[in-house]
2 protein chains.
Amino acid sequence: MYSLLYVRIAREVVDLTARARIRDAAIECFAQSGFGASFRTIAAHAEVSPGLITHHFGSKEALREECDAEVLRRYRDIKTNAVDAPSAHLLTELTQPTSSPTILVYLIRAVGAGGPGARRFLDRLTDDMRDVMARGVESGLVRPSRDEEARLRYLTYQTMGALLVQFLVTSPATPDEFVATLGDAGSDVILPILELATEGYLADRSILDDYVRFLAEPHDDQGASAS
Amino acid sequence: MYSLLYVRIAREVVDLTARARIRDAAIECFAQSGFGASFRTIAAHAEVSPGLITHHFGSKEALREECDAEVLRRYRDIKTNAVDAPSAHLLTELTQPTSSPTILVYLIRAVGAGGPGARRFLDRLTDDMRDVMARGVESGLVRPSRDEEARLRYLTYQTMGALLVQFLVTSPATPDEFVATLGDAGSDVILPILELATEGYLADRSILDDYVRFLAEPHDDQGASAS
DNA sequence: CAACAGGCTATACACGCGACCAGTCCGCGA
DNA sequence: TCGCGGACTGGTCGCGTGTATAGCCTGTTG
């Protein structure tokens with residue numbers, strides 16, 4: 001019994017157990033070539049046979065879920081370890097090569113894949129953003145919103161969406177190439193981001209004020225919606 | 001000779017020629033189920049045999065390109081026909097069910113597919129946005145930017161990205177269902193959009209001002225970058 | 001009337017995928 | 001020492017894809 005434990009510990013230290021190696025290889029392959037990466041590719045990358053993946057995970061979907069969980073875990077680690085750098089907003093933080101390019105690209109691909117998985121990732125991202133924004137509002141750095149949750153969600157969608165689109169049009173060969181692209185085009189993208197963040201782009205307040213006034217009016221479609 | 005002409009005209013009026021029917025069916029299927037839609041599905045939708053698609057278009061990529069061109073053409077038509085409604089920004093216009101849901105979803109899917117095709121679509125969208133923004137700046141409705149092109153590009157990426165993400169997490173069964181979803185969640189999304197557009201979310205100008213001052217400083221990495 | 005041309009169909013092919021399974025090897029436990 | 005169980009392998013299967021091709025069927029032409 002304890003010898004089995006020994007083996008497990010030893011393999012975790014020196015080189016991981018085959019199961020973990022497959023998982024890590026899958027994460028890398030998914031980030032590299034999308035979730036269409038074949039078992040054979042992953043197996044070759046993990047230096048195991050294709051059949052072993054099925055043996056350990058049963059199906060591709062199960063493997064995908066385990067990879068998702070692992071990436072989410074690592075992402076949280078990166079976030080909590082980077083609290084010392086109080087960046088103003090999410091994108092600045094994500095753009096930093098601090099977080100592993102593989103994780104960033106996996107996030108983007110997970111969102112890009114859509115479905116419930118994408119929703120889970122976005123919820124997690126929203127959670128992290130929520131803390132940042134709350135602290136920002138408290139410190140007076142960011143304006144309070146009339147609907148904090150809605151603003152949070154849309155900001156997340158917007159930010160991740162811009163990142164996703166940038167990724168899609170670049171179609172980089174490797175995650176590192178993508179973050180390099182971000183750095184290259186950085187001077188072109190940071191200025192509009194900051195401009196839009198501090199000034200917006202509408203010079204006329206009337207549209208917003210009209211809409212707020214419209215929302216303040218009583219509506220009748222709420223009570224009768226269920227019937 | 002004229003009888004052949006007659007046939008052509010008649011089919012264009014009553015029902016289109018098989019080639020056009022395939023193209024339209026492909027556009028609809030691509031919007032409905034993505035570009036992975038099979039020849040068989042498209043053929044069934046166009047009421048022809050799968051082989052006929054190959055016969056007319058040669059390959060799937062060629063079919064795709066023809067669909068892209070057609071959608072872009074129709075999109076431009078929709079845009080030019082809707083000049084009478086001077087909407088402030090793109091998303092308001094796109095959200096309207098004025099433009100056919102199929103076209104909107106095809107746009108989103110084309111961007112989501114990535115690659116050079118996505119770039120073409122985004123460039124076209126940027127072009128349209130450029131006119132709107134220029135007119136807005138002229139009329140004093142929107143603030144001028146320190147870098148109009150960069151703002152334009154990022155705004156397009158942001159807007160389309162948010163739309164794309166929304167589409168991906170909803171994973172609607174049909175284009176109509178998607179625009180319906182937009183309408184349902186509209187009250188949750190319009191407010192943050194307007195807020196962010198007119199006020200931004202940063203209360204402190206210092207970050208932007210610092211960056212602008214930083215850009216004004218002379219840089220040495222430009223001349224030595226090539227070596 | 002007969003022959004032809006082309007739109008159109010049905011079938012067949014090659015390929016890559018995930019899933020599955022019989023068999024091998026190694027190490028722990030009795 | 002023997003035997004058992006799980007890690008692991010390589011090959012095979014069915015499926016669905018895009019592509020290629022041989023043949024039918026209709027309308028036109030000499």
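Lettering of chains follows the sequences in order, A, B, ..., and the numbering in each one begins at 1.
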(request) Return the minimal non-hydrogen interatomic distance between A/Val165 and B/Gly161, and the atom names on each side. (result) CG2-CA, 3.6 Å

(message) Using five base pairs at each end to define the local axes, how bent is the helix from C/dC1-D/dG30 to C/dA30-D/dT1, to the nearest 10°?
(response) 30°

(request) List for me each residue that meets ring-ring contact (aromatic ring centres under 6.0 Å, His included) alongside A/Phe57, sequence neighbours excluded, and say none if there are none. (result) none

(request) Answer yes or no: is there a side-chain heavy-atom contact under 4.5 Å between B/Leu191 and A/Tyr154? (result) no

(request) Ignoring hydrogens and angles, state whether a donor on the side chain of B/Ser38 or B/Thr41 is under 3.5 Å from an acceptor on the partner side chain. (result) yes

(request) Choose from D/dT19, C/dC8, D/dG10 the nucleotide whose nearest atom is closest to any side-chain atom of B/Leu52. (result) C/dC8

(request) Sort out for me which residue in A/Glu28, A/Glu70, A/Glu66 forms a salt bridge (charged side-chain N to carboxylate O under 4.0 Å, His left out) with A/Arg23. (result) A/Glu70

(message) Contact list please: residues 55-67 of chain A against DNA chain D, heavy atoms, distance less than 4.0 Å, in numerical order.
(response) A/His55, A/His56

(message) Restricting to salt bridge (charged side-chain N to carboxylate O under 4.0 Å, His left out), what partner residues turn up for B/Glu195, sequence neighbours left out?
(response) A/Arg146

(message) So for atom CD, which belongs to A/Glu65, do other residues, nucleotides or ligands contribute more than 12 heavy atoms lying within a distance under 6.0 Å?
(response) yes

(request) Tell me which residues in residues 32-44 of chain A put a heavy atom below 4.0 Å from DNA chain C, sorted by number, or none. (result) A/Ala37, A/Ser38, A/Phe39, A/Arg40

(message) Take a 6.0 Å sphere around CD of B/Glu177 and say whether it holds more than 12 heavy atoms from other residues, nucleotides or ligands.
(response) yes

(message) Judged by each residue's nearest nucleotide on DNA chain C, which is more toward the 5′ side, B/Gly51 or A/Gly51?
(response) B/Gly51

(request) Could you name each residue pair satisfying ring-ring contact (aromatic ring centres under 6.0 Å, His included) that touches residues 105-131 of chain A, not counting sequence neighbours? (result) A/Phe35-A/Tyr106

(request) May I ask you to decide whether A/Arg130 forms a salt bridge with A/Glu149, counting only side-chain N to carboxylate O separations under 4.0 Å? (result) yes

